[in-house]
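These numbers were taken from a predicted model, which means no experiment stands behind them. Chain A is the first sequence line, chain B the second, and so forth, proteins listed ahead of strands; every chain is numbered from 1.
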There are 2 protein chains.
Amino acid sequence: MALEDTSEASNCSAMSDVLNRIGDKWSVMVVGMLGRNGTLRFNELKRMINGISQRMLTLTLRNLERDGLVTRTIYPEVPPRVEYRLTRLGETLREPIAGLWDWSAANHQAIVEARSIYDARETGHHHPTTGSPEHVQRQ
Amino acid sequence: MALEDTSEASNCSAMSDVLNRIGDKWSVMVVGMLGRNGTLRFNELKRMINGISQRMLTLTLRNLERDGLVTRTIYPEVPPRVEYRLTRLGETLREPIAGLWDWSAANHQAIVEARSIYDARETGHHHPTTGSPEHVQRQ
DNA sequence: CAGTATCCTATGCGATACTG
DNA sequence: CAGTATCGCATAGGATACTG
């Protein structure tokens with residue numbers, strides 16, 4: 001459904017909305033980890049996702065739960081056990097996310113190189129007062 | 001390359017870095033528009049991307065240019081004409097982004113519904129003092 | 001037309017401390 | 001273990017005004 005309807009502003013708002021959630025600093029990581037591991041507990045996730053704070057993991061998981069992408073199951077034991085896992089909707093996110101993930105792995109180095117080239121050029125920064133189109137390094 | 005190496009923290013940093021760029025508020029929109037239209041001028045982009053400010057369009061385009069995803073070509077005319085278009089690297093981003101875009105279009109409504117269900121449940125919020133695992137609405 | 005420069009605010013997010 | 005509560009700063013990003 002809607003695979004060819006990439007028309008105009010119709011799905012721009014949808015895209016914005018989705019990106020606001022999964023495009024934040026941690027959501028993709030959390031979905032990725034849950035996708036690979038099936039079920040994980042709070043501190044397991046915390047250990048796997050390097051650098052995330054307790055606060056942000058909580059907020060991220062709550063948001064994902066609210067959006068119907070993750071389930072949170074509490075087992076009334078002592079000490080408490082809480083397990084997180086992707087919903088069916090969350091599972092469908094794995095593929096597009098994996099696409100981005102693979103692209104990142106494959107092209108991150110190219111981006112790093114592009115950056116240093118750009119930065120080197122900018123710190124030379126002589127203003128050409130004449131000439132034909134600038135920065136014409138097409139492709 | 002690296003389609004099965006979704007190992008561990010190896011590409012987590014790459015993913016983070018990439019997400020920090022294309023996961024911001026506007027980059028995906030810009031790449032999407034350039035992907036569909038080939039070449040666009042500054043104000044064409046501005047008109048197509050609803051709500052973006054002049055400042056943010058400039059910053060977004062500069063960052064994409066710096067990362068080697070977009071070229072900027074200045075034609076020394078009066079009034080000035082500046083054209084933006086995806087690089088070859090930028091073109092390769094179209095597919096993973098389209099995947100996310102399609103997913104958003106297909107599942108945005110489900111997310112909106114999940115949210116209202118979640119919110120409705122939270123504003124009732126009676127604390128069960130006993131019982132088996134909570135929120136067990138698996139799937 | 002295609003920007004830059006400046007100001008200002010909301011919020012994202014980390015650090016830290018406390019709790020059932 | 002799995003959180004919540006509070007503080008505080010850095011930054012993202014909008015509004016507005018000016019320019020080659």
Query - Value rounded to 0.5 Å, distance of CD1 in I97(B) from CE in M29(B) - result: 10.0 Å
Query - Spatial distance of atom CH2 (W103(B)) from atom CD (E95(A)) [nearest 0.5 Å] - result: 12.5 Å
**Report entry** Which nucleotides of DNA chain D pair, in dot-bracket form (Watson-Crick or G-U under 3.5 Å, | meaning another strand)
**Finding:** ||||||||||||||||||||
Query raised in the report: For E91(A), which residues count as a salt bridge (Lys or Arg N to Asp or Glu O under 4.0 Å) partner, sequence neighbours excluded?
Result: R94(A)
Query raised in the report: dC13(C) C1' sits how many Å from L57(A) CG, rounded?
Result: 13 Å
**Report entry** Inter-residue atom distance N43(A).CG - R81(A).CZ, 0.5 Å rounding
**Finding:** 14.0 Å
Requested in this report: Would you kindly give the CE-to-C1' distance between M56(B) and dA2(C), to the nearest whole Å?
Outcome: 17 Å
Query raised in the report: Expressed in angstrom and rounded to an integer, what is the separation of E77(B) atom CD from dG3(C) atom P?
Result: 14 Å
Let me check something: any side-chain donor-acceptor pairs from residues 54-64 of chain A under 3.5 Å, sequence neighbours excluded? List them with distances.
residue	atom	partner	partner atom	Å
T58(A)	OG1	Q54(A)	O	3.0
T60(A)	OG1	M56(A)	O	2.6
N63(A)	ND2	L59(A)	O	3.3

Requested in this report: Identify which nucleotide among dG13(D), dC1(D), dG3(C) has an atom closest to any side-chain atom of N43(A), counting heavy atoms from C-beta outward.
Outcome: dC1(D)
Report summary line: R41(A) atom CZ is separated from dC1(D) atom P, nearest whole Å, by 8 Å
Distances under 3.5 Å only, N/O to N/O: pair up the protein atoms with those of nucleotides 15-20 of chain C.
none

Query raised in the report: Heavy atom of residues 17-27 of chain B under 4.0 Å from DNA chain C: which residues?
Result: none
Requested in this report: Could you tell me which non-hydrogen atom of S53(A) sits nearest to which non-hydrogen atom of K46(A), and how far apart they are?
Outcome: C-CE, 4.2 Å
**Report entry** Side-chain heavy atoms of H108(B) within contact of S13(A), under 4.5 Å
**Finding:** no
Requested in this report: May I have all residue pairs that pass salt bridge (Lys or Arg N to Asp or Glu O under 4.0 Å) and include part of residues 16-30 of chain A, sequence neighbours excluded?
Outcome: D17(A)-R115(B), R21(A)-D67(A)
Query raised in the report: Between dA2(D) atom C1' and I52(A) atom CD1, what is the distance in whole Å?
Result: 14 Å
Query - Rounded distance (nearest 0.5 Å) linking atom CZ of R121(B) with atom OG of S116(B) - result: 10.5 Å
Query raised in the report: Does one hydrophobic cluster hold both Y118(A) and L89(B), with members joined at side-chain heavy-atom distances below 4.5 Å?
Result: no
Requested in this report: Starting at CG of L40(A), measure out to CE of M33(A) and round the result to the nearest 0.5 Å.
Outcome: 9.0 Å
Query raised in the report: dG3(C) C1' sits how many Å from L59(B) CG, rounded?
Result: 11 Å
**Report entry** N/O (side chain, R62(B)) to phosphate O (OP1/OP2, dA2(C)) under 4.0 Å
**Finding:** no
Query raised in the report: Can you check whether Y84(B) has a side-chain N or O nearer than 4.0 Å to OP1 or OP2 of dC1(C)?
Result: no
Query raised in the report: Of the candidate nucleotides dA2(C), dT4(D), dC1(D), which contains the atom at the shortest distance from the side chain of R47(A)?
Result: dC1(D)
Query raised in the report: Measuring from E44(A):CD to M48(A):CE, what's the distance to the nearest 0.5 Å?
Result: 8.0 Å
Query raised in the report: In whole angstroms, how far is the C1' atom of dA2(C) from the CD atom of E65(B)?
Result: 14 Å
Report summary line: To the nearest angstrom, the NZ-C1' distance between K46(A) and dC13(C) comes to 14 Å
